[in-house]
Protein chains: 2
Amino acid sequence: MKILVAEDDANTRDALREVLDREGFRVVTASNGREALDLFRKEKPDFICLDVMMPELHGYEVCSRIRREDESVPVLFLTAKSEEIEKVLGLELGADDYMTKPFGVKEVLARIRAILRRSGLLRKTGRDGAVFTMGDLEIHPAELRAIRGTQVIQLTLRDIHVLRVLHEWKGKVVERSRMSDLVWGVGFMPESRALDQHISQLRKRIEVDVSSPRIVRTVHGLGYRYDG
Amino acid sequence: MKILVAEDDANTRDALREVLDREGFRVVTASNGREALDLFRKEKPDFICLDVMMPELHGYEVCSRIRREDESVPVLFLTAKSEEIEKVLGLELGADDYMTKPFGVKEVLARIRAILRRSGLLRKTGRDGAVFTMGDLEIHPAELRAIRGTQVIQLTLRDIHVLRVLHEWKGKVVERSRMSDLVWGVGFMPESRALDQHISQLRKRIEVDVSSPRIVRTVHGLGYRYDG
DNA sequence: AAAATGTTGTCACAGAATTGTAAAAGCGCC
DNA sequence: GGCGCTTTTACAATTCTGTGACAACATTTT
């Protein structure tokens, strides 16, 4: 399994290389956008970690060009500012996920593994394999959709992100602050009702009975939980 | 939760101390690198905010030495120049995060909390989220609930707190005043039925027969007791 | 035993804190 | 401009907690 790490900061780059290396991945690194694109063509990596802010060629542009040549290779964006997430989300660059700096090494690894698992499933079943399920809901991150029976529900990347976090913590409470960190990035508006609002809208779409949610349950004073 | 703030600028130091103090952290401060190292050894803080530019002993050096003695205590670097980030970011120093001056107090708090959460040090349900049992009741503090057989009982933070105290004093009487101190904090309820009220509600939820409690027994004139 | 006294349990309700949601505004992209 | 998504605002709904009145209970005193 070969991973391309494109990141202009040498220390972050080396840190990622070291930890991925230790986990048994083969790693190639680029320190700017042009180099990243070159290496992508030459090395045919199975996975790409892409910094947003890079000299020579911006991360968005790199991703966009990669997508023109390969529409399936997973891309994980690394971004320093939470504002940049908006662009990543909005640009429809075909990114599979994003992380805000600073991130813990373990979190990066977990995210990479999750994406690889998903894309592995994707290859087996062709273009639209079931990726993960929550109750009677089948969630297809790649298509931004969920399916219950014959009903197709349109989701956003952020919806998917929230659901994925809950799914990964199945049976455990995800504290509001942790959810906020994982989905919006550290230090994002402590006293904002954005999270509640998002949960509310999400429930409207995915819950059978909004007044007694079975997928996104609230744990008063702590956060939210999905029981298997 | 004890936090060591090492920062040579008195204004920044005092500002940090004040805001952390108000958030309920215990704070010790150092104004130079050597003092920081001394205090780290003496006070065994749970978290360290470390200025990079300090007299006597540079921040990197302090961090490096701390890491030789303790490889798990979280370190948040405070740095004035963005160029310095590069060095901080490298995993060689073992820093968990960094902030560039000037920073807002809210952001510092957010980052500290994020790091503490990541390292599992911050739990609203107490230091120890471990499951414990009382009779046929299985208590899951981190989940804010208890389980008897197939029945799931929702609890509140205070419920958990009360139960934990009784569990820790198993077989011994916990005096009303002590329970009050431990759960509500020292110097609370002069004459209020808050404790009784809470016990009453708690019993309704967790006792099989409220009229003869087996988990929260009252010892008239003294307090409450849980016999194994 | 009965009464007196002090202690604990419970009810009803108010205030506080937390969470839910509709409406409107912001933002970026056709 | 419209459109889709997100966030803010403002308020409603819900949940949690503490209070005061009073009932129930235990203990001591008559």
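Given the structure is predicted, the values throughout are model-derived calculations rather than measurements. Lettering follows sequence order; numbering is per chain, from 1.
Checked against C:dG20, D:dT6, D:dG18, the side chain of A:Ser200 finds its nearest nucleotide in C:dG20. In the set C:dT19, D:dG18, C:dT8, the nucleotide with an atom closest to the side chain of A:Tyr224 is C:dT19. Side-chain atoms of B:Asp196 lie closest to C:dT10 of the nucleotides C:dT10, D:dG18, D:dC16.
Of the two residues near DNA chain C, A:Thr218 and B:Thr218, the one whose nearest nucleotide lies more 5' is B:Thr218.
Shown here are the side-chain hydrogen bond (donor to acceptor under 3.5 Å, both in side chains) partners of B:Asp196, two or more places apart in sequence or in another chain: B:Arg176, B:Arg193. Considering only residues two or more places apart in sequence or on other chains, B:Arg158 meets the side-chain hydrogen bond (donor to acceptor under 3.5 Å, both in side chains) condition with none of them.
Phosphate proximity of D:dT8 to A:Ser192: present, with a side-chain N or O under 4.0 Å from OP1 or OP2. For A:Trp184 and D:dT7, the shortest distance from a side-chain N or O to OP1 or OP2 is below 4.0 Å. Dashed line: the shortest gap from a side-chain N or O of B:Lys204 to OP1 or OP2 of C:dG9 is not under 4.0 Å. A sub-4.0 Å separation between OP1 or OP2 of C:dT18 and a side-chain N or O of A:Arg176 is absent.
In this structure, B:Leu137 and B:Ile206 approach most closely via the heavy-atom pair CD2-CB, 3.9 Å. Looking at every heavy atom in both residues, A:His161 comes nearest to A:Val183 through CD2-CG2, 4.1 Å.
For the pair B:Leu155 CG and D:dC16 C1', the interatomic distance rounds to 13 Å; values are reported in whole Å. Atom CG of B:Leu195 is separated from atom P of C:dT10 by 13 Å (rounded to the nearest Å). When rounded to the nearest whole Å, the span between CZ of A:Arg205 and C1' of D:dG4 equals 11 Å. Atom NE2 in A:His198 sits roughly 15 Å away from atom C1' in C:dG20 (whole-Å rounding). The CD-P distance, from A:Gln201 to C:dG20, rounds to 12 Å in whole Å. A:Leu202 has its CG atom 13 Å from the P atom of D:dC5, to the nearest Å. With rounding to whole Å, A:Arg203 atom CZ is found 13 Å from C:dA22 atom P. To the nearest angstrom, P of D:dC5 lies 7 Å from CD of A:Gln154.
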Item to complete: Spell out protein contact along nucleotides 20-30 of chain D as letters: B when the base is contacted, S when just the sugar-phosphate is, - when no protein heavy atom is under 4.0 Å; keep the 5' to 3' order.
Response: -B----SS---
Discussion item. Go through it in stages, so that I can follow the logic: the residues are B:Leu16 and B:Leu78, the test is side-chain contact (heavy atoms from CB on, under 4.5 Å), and I'd like the CA-CA distance, side-chain angles, deciding distance and then a yes or no.
Written reply: CA-CA 11 Å; B:Leu16 280 175; B:Leu78 311 174; 3.9 Å; yes
Show which side-chain atoms of residues 221-228 of chain B pair as donor or acceptor with protein atoms under 3.5 Å away, not counting sequence neighbours.
from: B:Arg225; atom 1: NE; to: B:Asp227; atom 2: OD1; distance (Å): 3.0
from: B:Tyr226; atom 1: OH; to: B:Gly135; atom 2: N; distance (Å): 3.0

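Just one residue in the list A:Leu157, A:Val174, A:Thr156, A:Leu202 forms a side-chain contact (heavy atoms from CB on, under 4.5 Å) with A:Val162, and that residue is A:Leu202.
Residue-environment remark: CZ (A:Arg217) exceeds the threshold of 12 foreign heavy atoms within 6.0 Å.
Contacts classified as salt bridge (Lys or Arg N to Asp or Glu O under 4.0 Å) and involving residues 201-211 of chain B (residues at least two apart or in different chains) are given here: B:Asp159-B:Arg205.
Heavy-atom distances under 4.0 Å link DNA chain C to A:Val210 of residues 207-216 of chain A, given in residue order.
Annotation: cation-pi pair A:Lys42/A:Phe40 absent, no NZ/CZ under 6.0 Å from the ring centroid and within 45° of its normal.
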